[in-house]
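Worksheet: one structure, shown below.
So you know, we letter chains A, B, ... as the sequences are listed, proteins then strands, and number each from 1.
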Amino acid sequence: MRMSSLLSQTLREAPSDAEIASHKLLVRAGYIRQLAAGIFTSMPLAKRSLTKIENIMRDEMNKIGGQEMSMPVVHPAEIWQATGRWWKVGPEMGRFKDRNGRDMVLAMTHEEAVVAVVKDEVQSYRQLPMMVYHIQTKWRDDPRPRAGLIRVREFTMKDSYSLDRDWEGLDIQYANHYQAYFNIFGRCKLPVIAVKSDVGMMGGNMAHEYMYITPVGEDTLLLCDKCGYSANRQIAEFQKTKPHQETPLDREKIATPGMKTIAELAEFLDIPESKTAKAVFMVAAKQTEGGEVEQLVFAIVRGDMDLNETKLVNALGAKSLRPAVDEEIKAAGAVPGYASPVGLKDIVVVVDDLIPESPNLVAGANQEGYHFKNVNYGRDYKADIVTDIAAAGDGDACPNCGAAMRAVRGVEVGNIFKLGTWYSEAVGATYQDADGTEKPIVMGSYGIGSGRLLASIAEEYHDEYGLIMPVTVAPYEVHLVELSGGKQDSEKVGEVAEQLYQDLTAAGIEVLFDDRDESPGVKFNDADLIGIPLRLTVGGRSLQNGGVEAKLRHEKEKSLLLLDEVIDRTQAILNGLYKEIEGSLKTVELES
RNA sequence: CGGGGUGUGGCGCAGUUGGAAGCGCGCCGCGUUUGGGACGCGGAGGUCGACGGUUCAAGUCCGUCCACCCCGACCA
């Protein structure tokens, strides 16, 4: 490709609305342009990188038996109604009516589309196991797109779906994906870790998220450096230190004027936060026979801990959870800021399992300006559910080995999920087994967003001058720069560069040829910005030395390639880069 | 949805007490220059986010709306 005709302009300054490095650089280097909030155009450079990323995905999916297909972006509402998600999902789902007034859906994911087709196509156990995948556009009307390509509304995703007779079959396909995903990220040179994640209400017994660790990430993870335990904060467990046992003292009402937060209360009474009980009111939505029902929930964790809403949802078997508003709290007979578990009605009380172990806590008195001292679980109140609903944080003890865990931020670049039979049962996607009985297909779903992956790579590989793309995903392999503007040998420089462009291309090497009439500084700076791994420079100076200058983007040193060796040497350098990446792939163990 | 911020040429920005819209980069032409974002001269390009109001006069003041960014809520 000749840069003189490339649809991409580099920018000396990043648009003011870009904040993180990958966003700024991808825009400055001319890879992407924003069309609206969370909606981006992939310019030719980005498109080439994305195609490479997607071809790596194809390759790894094919290796584990995947069949590529393509499912529609626009779905009839019926298939989403069949699984109930038409009602379950809120405004995040894009909906519209076609000309005949039929409700239509913009695909946010393709479980519905898969089961819709599989339902009719798969009838016998003889057809299973099977794995299909596609690379397709999704629309999720996220309330807050951010960070360039990291979090967008319209995006492309590789999603695969495994279909099995039984859970044992799913285990195999899940393990295949677990490894394949490490291969994909490895071939993109992106360091990731797999962490256990929430399986939610869809059943299943396992889900992993592939996380790229970076401060710009929006998920919080807990990692144990000692034993390797890792989990999304949503489900992370931890060992809770049991407090000293004390004799339960008499309950006592004390005046605590204006003390509405735990911090204020602890300060006021001069006690540690761990001697208080934190009350959190939530409203849980539950699906019942008669439709959706809301239930006020009173959750209690110790004052020094935070409520983990995911754990609470799972404990309740609820569909979703939202903070209660003051009116709802008052209606239940509680006083916001001074709420007490003592003496409430019509409310589900969920208590963290550390609370019964913690004697003589300070809790609200259900009266403005008053708290109770020495509240004891069992004696003063009882819960409907006692379980772990506290959020793990930095420094908490690892559930496996007890070492202090680290809390880090990460971007979720992929996930794998044992769906089980939730979808297949919902739509009647069944097969006839060898014994003649009809059984639901056991499914798994597995996704990787290609744009988010590109952004993560850009985030990981850049310096103050620009991007440093790994060879496997760089838009081109070689950036050929000709400096024919000089007095010295200017005609010859142009000829050699032109010939080299032809020869390299003929040798199957992907070349971006900077044939523009620009000064050397401009060309070098643009090359650094775009971040193609190998730069070849043809100039009067290099010709005097008998060849062209080679420089790897990630190294400082330059070397001279003799003219008649350029093709071979270039190929050798590139092969080295590819081998380094392929050689870094590892076999991973999936713990059961 | 709550809090904060920003909307002026492709990008970055200035625009005072209201008085005929500017700068840098980029773009076009001519010339000089040519190994790390060169220089001179001459140009093109803007319904100042939209609508309404106040005023002799609005980029500037008032109102409503919209878009985009950041924090939070949310996130199959």
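Using a 4.0 Å heavy-atom distance criterion, A:Val89 is classed as making no nucleic acid contact. Among the protein residues, A:Ala527 comes within range of no part of the nucleic acid, since none of its heavy atoms lies under 4.0 Å from any strand. Using a 4.0 Å heavy-atom distance criterion, A:Gly521 is classed as a sugar-phosphate-only contact. Backbone-only contact: A:Glu19 has heavy atoms under 4.0 Å from sugar-phosphate atoms and none from a base. At a threshold of 4.0 angstrom between heavy atoms, the contacts of A:Ser542 include nucleobase atoms, whether or not backbone atoms are also involved. Within 4.0 Å of A:Asn415, counting heavy atoms only, lies at least one base atom of the nucleic acid. When heavy atoms are screened at a 4.0 angstrom cut-off, A:Pro15 is found touching the sugar-phosphate backbone but no base atom.
Taking the six-membered ring for Trp and thresholds of 30 and 60 degrees, A:His208 and A:Tyr174 have ring planes inclined between 30 and 60 degrees apart. Below 30°, between 30° and 60°, or above 60°: for A:His134 and A:Tyr161 the angle between ring planes is between 30° and 60°, a tilted geometry.
Between the side chain of A:Arg144 and the base of B:C70, no donor-acceptor pair under 3.5 Å is found. One donor-acceptor pair, N or O on each side, does fall under 3.5 Å between the base of B:G36 and the side chain of A:Arg535. At a cut-off of 3.5 angstrom, the base of B:G26 holds no donor-acceptor pair with the side chain of A:Arg28.
Protein atom CG of A:Asp142 is 13 Å distant from nucleotide atom P of B:C71, rounded to whole Å. Going from atom CZ of A:Arg151 over to atom P of B:C71 covers 11 Å, rounded to whole Å. When the P atom of B:C69 is taken as reference, atom CD1 of A:Ile20 falls 13 Å away, rounded to whole Å. A straight line from CD1 of A:Ile150 to C1' of B:C75 spans 15 Å, rounded to a whole angstrom. Separating the NE2 atom of A:His23 from the P atom of B:C11 is a distance of 13 Å, rounded to the nearest angstrom. Per the geometry, CG belonging to A:Asp463 stands 18 Å off P belonging to B:G36, to the nearest Å. In this structure, A:Ile530 places its CD1 atom 17 Å from P of B:G37, rounding to the nearest Å. Rounded to a whole Å, the CD atom of A:Glu13 is 14 Å from the C1' atom of B:A14.
Of the two residues contacting RNA chain B, namely A:Asp219 and A:Asp17, the nearest-nucleotide position lying further toward the 5' end is that of A:Asp17. With RNA chain B read from its 5' end, the first of the two nearest nucleotides for A:Thr10 and A:Ala18 is the one closest to A:Thr10.
Using a 4.0 Å cut-off between charged nitrogen and carboxylate oxygen, A:Arg409 and A:Asp219 do not count as a salt-bridge pair. Note on A:Asp463 versus A:Arg553: salt bridge recorded, some NZ/NE/NH1/NH2 to OD/OE distance being below 4.0 Å.
Although no hydrogens or angles enter the test, the distance criterion places no donor-acceptor pair under 3.5 Å between the side chain of A:Gln136 and the main chain of A:Met69.
A 3.5 Å limit on both hydrogen-bonding distances identifies B:A50 as the Watson-Crick or G-U partner of B:U64. Nucleotide B:C39 has B:G31 as its partner under the Watson-Crick or G-U criteria, with both atom distances under 3.5 Å.
Between A:Arg12 and B:G26, a side-chain N or O to OP1/OP2 separation shorter than 4.0 Å is present. For B:A38, the OP1/OP2 oxygens have a side-chain nitrogen or oxygen of A:Ser519 closer than 4.0 Å. Between B:C69 and A:Arg146, no contact under 4.0 Å exists linking OP1 or OP2 to a side-chain N or O. Residue A:Gln9 has no polar side-chain atom (N or O) positioned under 4.0 Å from OP1 or OP2 of B:C27. Considering only side-chain N and O atoms, A:Ser16 lies under 4.0 angstrom from the phosphate OP1 or OP2 of B:C13.
In this structure, NE2 on A:His177 lies 3.0 Å from OG on A:Ser160, to the nearest 0.5 angstrom.
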